[in-house]
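Counting starts at 1 for both ligands and their atoms, in listed order.
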Amino acid sequence: MITQPGFGHILNIADARRAAARRLPRGLFEYIDRGSEDEIAIGTNRRQLDAIRLAPRVLVDVSRPSTEAEILGHGLPLPLAVAPTAVAGLIWHDGEIALGKAAARTGVPFCVSTQSITAIERIAAESGARLWFQLYVWKNRQRMLALLDRAWAAGAETLMLTVDTPVGPNREYNTRNGFGIPLKASWRAGVDVALRPRWAIRVMLRALATGGVPTYAHYPEEFRTKLGQAALSDDVALAADVTWEDVKLLRRHWRGKLVLKGILRVDDALAAASHGCDAIVVSNHGARNLDCAAGPTEVLPAIADAAGERVEILADSGVRRGVDIARFLALGARGVLVGRAPLFGLAIGGADGAERILDILAAELRTAMGFLGTPRLADLPVTLRRPNQ
Ligand SMILES: Cc1cc2nc3c(=O)[nH]c(=O)nc-3n(C[C@H](O)[C@H](O)[C@H](O)COP(=O)(O)O)c2cc1C
């Protein structure tokens, strides 16, 4: 493993998470780290991943392991993509560009969120990453299609429609912490920021000095000014009436690959295939939305069995170690997305910190493959323990 200078003490994702908690204002750290309501789903995801034990094959030559994967028609050095995460630009100055740079150096795609702080044009120009674009459907579909045209023109090759967020999640800690976008001044948030002066100077003051109060860059200009906010905010509010009709509209409109993110049912996976989607992400949004949602590992095998021939299957939620990637692949995913893990790296060291995280995951995956006797990713499913094996 190459150790980026200054990160020798970060040996795993848990180390990075603890360091991020020390760096970021509490409201921001909790926004990244926590779940929703009683945070049952976070524990469910972890427990279900931990319960997947793989049976190693022995006496296999693992001297030349390859983590190469093919995802959405492209050969990648790792079965990984950086997940779309709103407001990465609050974690580090120009955080989305930094995440994109880390992804580019590692050779994996970076999925830009609709709700990113930096616009896709700048991320494309400055990061050099292979870009995907994540979409939340806006009430005003014309404005949404115009945004997609921007993403396409900027070079996004894959559109990822998030389908698991039809309503706003209930995250009470955000309310208690006074955290939200647009950022608002509150006594509690002020104390949080005052306790993290390094973040305040490096991120907030730089943002204020260069572009003003950070907000969603893809939202129309008028939305960001007080005057236009009331009139426009309804237009760009997340639509609660998103249906398969929208998938049809997007399939007609979007020329690149189309992916649905947040599928947990076999019937929905099959419907995605019949609507011409190229891939799905089996995901419960990192346990951030529905607190009683099924864990992705619970439903992945049935989805892979039923739909794996017709649509490419990716997965996410809970990857903290290389063995977690191996587990998802053993269950039938072709690749995984990582959300929080690179954000913890971003918080401690920008692009270098996020790259360190991707390197750790890659090294851990290679170790897991060596122990499992699976020099190729395609061998991983044979290590899955079936009953009576
Ligand atoms: C801070 C944060 C913001 C997120 N924002 C988005 C988003 O804007 N769009 C989206 O589809 N998913 C979003 N997600 C979910 C991730 O794309 C991904 O599904 C999830 O983080 C995977 O779980 P993991 O964090 O355990 O890797 C976000 C996740 C986090 C942690």
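Hydrophobic cluster membership differs between Val319 and Met160, with clusters built from Ile, Leu, Val, Met, Phe, Trp and Tyr side chains linked at under 4.5 angstrom. Leu147 and Val87 fall within the same hydrophobic cluster, defined by Ile, Leu, Val, Met, Phe, Trp and Tyr side-chain heavy atoms under 4.5 Å apart, directly or through other members. Linking ILVMFWY side-chain heavy atoms closer than 4.5 Å, directly or via other members, places Phe133 and Leu76 in two distinct hydrophobic clusters. Cluster membership for Phe7 and Val338, using ILVMFWY side-chain heavy atoms within less than 4.5 angstrom, is shared. Connection of Phe179 to Val191 is not established within any shared hydrophobic cluster, with ILVMFWY side chains joined at heavy-atom distances below 4.5 Å, either directly or through further cluster members.
Of the listed options Met160, Gln134, Arg288, Arg340, Arg288 places a heavy atom closest to atom 30 (C) of ligand 1.
Backbone and side-chain nitrogen or oxygen atoms of Gln115 are examined, and none is located within less than 3.5 angstrom of a nitrogen or oxygen of ligand 1. Note: no N/O pair closer than 3.5 Å links Val319 and ligand 1 by distance alone. The shortest N or O to N or O distance between Gly339 and ligand 1 is below 3.5 Å. At a 3.5 angstrom cut-off on N or O pairs, Thr85 does not count as close to ligand 1. At least one N or O atom of Gly318, backbone or side chain, sits closer than 3.5 Å to an N or O atom of ligand 1.
Interface atoms of ligand 1 facing Tyr31, defined by a heavy-atom separation under 4.0 Å, are 1 (C), 3 (C). Of all atoms in ligand 1, listed by their number and element, those nearer than 4.0 Å to a heavy atom of Ser317 are 22 (C), 23 (O), 26 (O). In the vicinity of Ile32, heavy-atom distances shorter than 4.0 Å reach the ligand 1 atoms 1 (C), 31 (C).
In summary, Arg105 and Asp359 do not engage in a salt bridge, as defined by a charged side-chain N under 4.0 Å from a carboxylate O.
Nearest to atom 9 (N) of ligand 1 among the protein's heavy atoms is Tyr136 OH, 3.1 Å. The nearest heavy-atom contact from the protein to atom 12 (N) of ligand 1 is Lys261 NZ, 2.9 Å. Looking only at heavy atoms of the protein, atom 8 (O) of ligand 1 is closest to Ser113 OG, 2.8 Å. Of all protein heavy atoms, the one closest to atom 3 (C) of ligand 1 is Ala86 N, 3.4 Å. Counting only heavy atoms of the protein, atom 19 (O) of ligand 1 lies nearest to Asp316 OD2, 2.7 Å.
For Leu343, every heavy-atom contact with ligand 1 shorter than 4.0 Å involves the side chain, none the backbone. Of the heavy atoms in Thr162, only side-chain atoms (C-beta onward) come closer than 4.0 Å to ligand 1. Of the heavy atoms in Pro84, both backbone and side-chain atoms come closer than 4.0 Å to ligand 1.
No donor-acceptor contact under 3.5 angstrom links the side chains of Asn177 and Asp192, judged on distance only.
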task = Could you walk me through whether Val137 and Leu161 pass side chain to side chain contact (heavy atoms under 4.5 Å, CB included), step by step?
result = CA-CA 8 Å; Val137 173; Leu161 172 68; 3.5 Å; yes
query = Checking side chain to side chain contact (heavy atoms under 4.5 Å, CB included) for the pair Thr85/Ser113: CA distance, chi angles, key distance, verdict?
reply = CA-CA 6 Å; Thr85 51; Ser113 168; 5.9 Å; no
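Judged purely by atom type and a 3.5 angstrom limit, Asp324 uses its side chain to pair as donor or acceptor with the backbone of Arg320.
Across Ala154 and Ala124, no two heavy atoms sit closer than the pair O-CB, 3.4 Å.
Ligand 1 lies less than 4.0 angstrom from a heavy atom belonging to Arg320. Distances from ligand 1 to the non-hydrogen atoms of Ala341 include no value under 4.0 Å.
Under a cutoff of 6.0 Å and an axis angle of 45°, Arg288 and Tyr31 form a cation-pi pair.
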